[in-house]
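Taking it in order: structure first as structure tokens, then the write-up.
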There are 2 protein chains.
Amino acid sequence: MYDALKATFDRIVPLSDSDWAFALPLFKYVEYKKGELILREGEVHHHSIFVITGALRIYNFNGNKESIRNIFLENSMFNESGSYYLKKPSLFNIDAIEATKAFIMHRNDAEVLFSRSVQLATLGRRFAEYALATVVERNNELTSMDGKARYLKLLKEKPHVFQRVPQYMIASYLGITPEALSRIRKEIAG
Amino acid sequence: MYDALKATFDRIVPLSDSDWAFALPLFKYVEYKKGELILREGEVHHHSIFVITGALRIYNFNGNKESIRNIFLENSMFNESGSYYLKKPSLFNIDAIEATKAFIMHRNDAEVLFSRSVQLATLGRRFAEYALATVVERNNELTSMDGKARYLKLLKEKPHVFQRVPQYMIASYLGITPEALSRIRKEIAG
DNA sequence: AAAGTCTATTGATCTACATCAATCACTTAG
DNA sequence: CTAAGTGATTGATGTAGATCAATAGACTTT
């Protein structure tokens with residue numbers, strides 16, 4: 001049950017058996033039904049989530065339209081950073097696109113964990129650093145590429161997402177409307 | 001000379017005298033002339049930069065137009081995250097908007113530093129976490145607010161920037177053209 | 001099979017903002 | 001004092017993508 005978790009973490013920083021023995025009980029196993037709301041806008045997000053299988057999304061509303069910020073598939077770890085790290089009310093909702101199995105860890109437990117050894121502290125640092133690098137990259141895409149270029153990049157780098165997520169969610173993730181994405185696809189196909 | 005640095009760091013994680021004695025020699029003091037190029041697109045960014053006084057910006061080119069990603073004033077620490085953490089060629093340039101005094105630390109020294117104690121490891125983690133939270137917030141602004149709303153938010157949250165940075169750079173930071181910003185200002189004033 | 005619900009497509013129109021071009025105000029150098 | 005930058009403003013026009021509305025295919029539910 002912990003295999004995927006261990007493999008993912010060990011790829012970042014190898015941990016001692018002692019650190020693992022300390023870490024594993026701090027994770028709580030949870031299952032989310034398809035469509036289940038995990039975090040509601042306005043609540044503070046207290047947990048980091050490691051997706052074992054399934055798919056979660058984080059999104060907010062622009063007016064009455066959903067705007068998807070990110071989609072997390074298996075073996076990815078995330079939280080609502082602004083809320084989790086700064087303890088502010090979340091600007092986003094999190095829900096399950098698919099039935100999902102996950103481990104979650106409370107911020108307080110994570111702080112204890114990351115204070116236990118330099119290896120664990122480094123693990124925590126690497127997660128934040130990696131997340132930071134990817135968010136900056138996404139930021140750059142949104143400001144310097146148009147919809148078509150963003151679509152082609154996603155198609156190239158994460159083709160598997162298209163097998164699992166409906167097109168209107170892809171459009172939302174790309175920052176455009178379903179109509180605009182449909183026209184981009186038509187233009188490319190034609 | 002180290003006062004601002006110490007005060008900023010201590011606000012995040014208080015360090016022991018021993019840790020400070022270890023840390024300080026790893027910083028290198030540098031001065032940048034106004035307009036000086038610090039990092040060129042395509043190079044790997046090896047240093048984190050702590051701004052003592054002055055102003056630096058990170059930007060790239062969309063076609064032949066500069067697009068400013070961020071501006072860093074005194075007592076802020078940053079690096080080109082994608083390049084620094086993933087050791088990839090930078091997508092951005094960094095240069096000095098004003099004459100600037102700074103400390104820089106090489107990634108290799110930072111890794112040594114953050115592996116020395118749990119306190120120092122936590123300091124490194126907090127920097128990444130805080131940067132992550134702010135980048136996510138900026139990301140959200142760029143996708144869910146229009147130019148006018150972004151301008152008003154900046155005016156409210158960082159009014160001092162307007163005293164120091166020309167309007168066309170503000171426009172670029174906001175993701176709009178100088179012409180568009182000028183019209184927004186006119187509309188608000190009128 | 002019929003009815004209802006989603007998702008994707010297509011067309012018509014609208015809008016925020018970009019682009020191009022000219023002018024104006026300020027500063028700095030000769 | 002004058003010329004030459006440099007930054008900000010204003011006007012005219014262009015465009016990517018939003019919005020609104022209709023249609024059609026695919027899936028469920030009964």
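Below, all heavy atoms of this structure are taken into account, side chains as well, without hydrogens, waters or symmetry copies. Reminder, nothing fancy here: chain letters follow the sequence lines and each chain counts from 1.
Rounded to the nearest 0.5 Å, atoms OH (A:Tyr2) and OG1 (A:Thr8) are 14.5 Å apart.
Each salt bridge (charged side-chain N to carboxylate O under 4.0 Å, His left out) pair with one or both residues in residues 72-87 of chain A, not counting sequence neighbours, appears once here: A:Glu74-A:Arg164. Identified under the ring-ring contact (aromatic ring centres under 6.0 Å, His included) test for residues 109-143 of chain B, with sequence neighbours left out: B:Phe9-B:Phe127. For residues 64-84 of chain A, the set of pairs meeting the ring-ring contact (aromatic ring centres under 6.0 Å, His included) definition, not counting sequence neighbours, comprises A:Phe72-A:Phe78. Within the structure, side chain to side chain donor-acceptor pair (under 3.5 Å) pairs that include any residue of residues 105-124 of chain A comprise A:Ser18-A:Arg116, A:Asp19-A:Arg116, A:Asp19-A:Ser117, A:His46-A:Arg107, A:Glu111-B:Arg125, A:Glu111-B:Arg126 (at least two apart or interchain).
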With the criterion being N/O to N/O and under 3.5 Å, what pairs connect the protein with nucleotides 20-25 of chain C, and how long is each?
from   : atom 1 : to       : atom 2 : distance (Å)
C:dC20 : N4     : B:Glu179 : OE2    : 3.2

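Using a 4.0 Å cut-off on heavy atoms, the residues of residues 53-72 of chain B that approach DNA chain C are B:Lys65, listed by number.
When rounded to the nearest whole Å, the span between CZ of B:Arg150 and C1' of C:dC17 equals 10 Å. The nearest whole Å value for the distance from the CD1 atom in B:Ile170 to the P atom in D:dG7 is 13 Å. Between the P atom of C:dA18 and the OH atom of B:Tyr168 lies a distance of 17 Å, rounded to the nearest Å. Rounded to whole Å, atom P of D:dG7 lies 8 Å from atom CE of B:Met169. Distance CG (A:Leu174) to P (D:dA16): 17 Å, rounded to an integer number of Å. If you take CG of A:Leu181 and C1' of C:dT7, they are 12 Å apart, rounded to a whole angstrom. Summarising the geometry, the separation between CG on A:Asp146 and P on D:dA16 is reported as 8 Å, rounded to the nearest angstrom. In this structure, A:Met145 atom CE and D:dA16 atom P are separated by 16 Å, rounded to whole Å.
In this structure A:Lys153 satisfies the salt bridge (Lys or Arg N to Asp or Glu O under 4.0 Å) test together with A:Glu137, A:Glu141, A:Glu157, sequence neighbours excluded. Among residues two or more places apart in sequence or in another chain, the salt bridge (Lys or Arg N to Asp or Glu O under 4.0 Å) test is passed with B:Asp95 by B:Arg57. Contacts of A:Pro166 classified as side chain to side chain contact (heavy atoms under 4.5 Å, CB included), with partners at least two apart in sequence or in another chain: A:Tyr168, A:Met169.
Comparing C:dT10, D:dA18, C:dA18 by their nearest atom to the side chain of B:Ile176 picks out C:dA18.
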With a cut-off of 3.5 Å and sequence neighbours excluded, list every side-chain donor-acceptor pair involving residues 24-41 of chain B.
from    : atom 1 : to      : atom 2 : distance (Å)
B:Tyr29 : OH     : B:Glu31 : OE2    : 2.6
B:Glu36 : OE1    : B:Lys33 : N      : 2.8

Please report, to 0.1 Å, the donor-acceptor pairs under 3.5 Å made by any side chain of residues 171-182 of chain B, with sequence neighbours excluded.
from     : atom 1 : to       : atom 2 : distance (Å)
B:Ser172 : OG     : B:Glu66  : O      : 3.2
B:Ser172 : OG     : B:Ile68  : N      : 2.8
B:Thr177 : OG1    : B:Ala180 : N      : 3.2

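Nearest-nucleotide assignment on DNA chain D puts the 5′-proximal partner with B:Pro178, out of A:Ala180 and B:Pro178.
Not a single donor-acceptor pair under 3.5 Å links the side chain of B:His160 to the backbone N or O of B:Phe162.
Taking only side-chain nitrogens and oxygens, A:Thr177 never comes nearer than 4.0 Å to OP1 or OP2 of D:dG17. OP1 or OP2 of C:dT9 sits under 4.0 Å from a side-chain N or O of A:Gln167.
Between its two ends, the helix from C:dA1-D:dT30 to C:dG30-D:dC1 turns its axis by 30°, counting five pairs per end and rounding to 10 degrees.
A donor-acceptor contact closer than 3.5 angstrom is absent between the side chains of B:Asn139 and A:Arg69.
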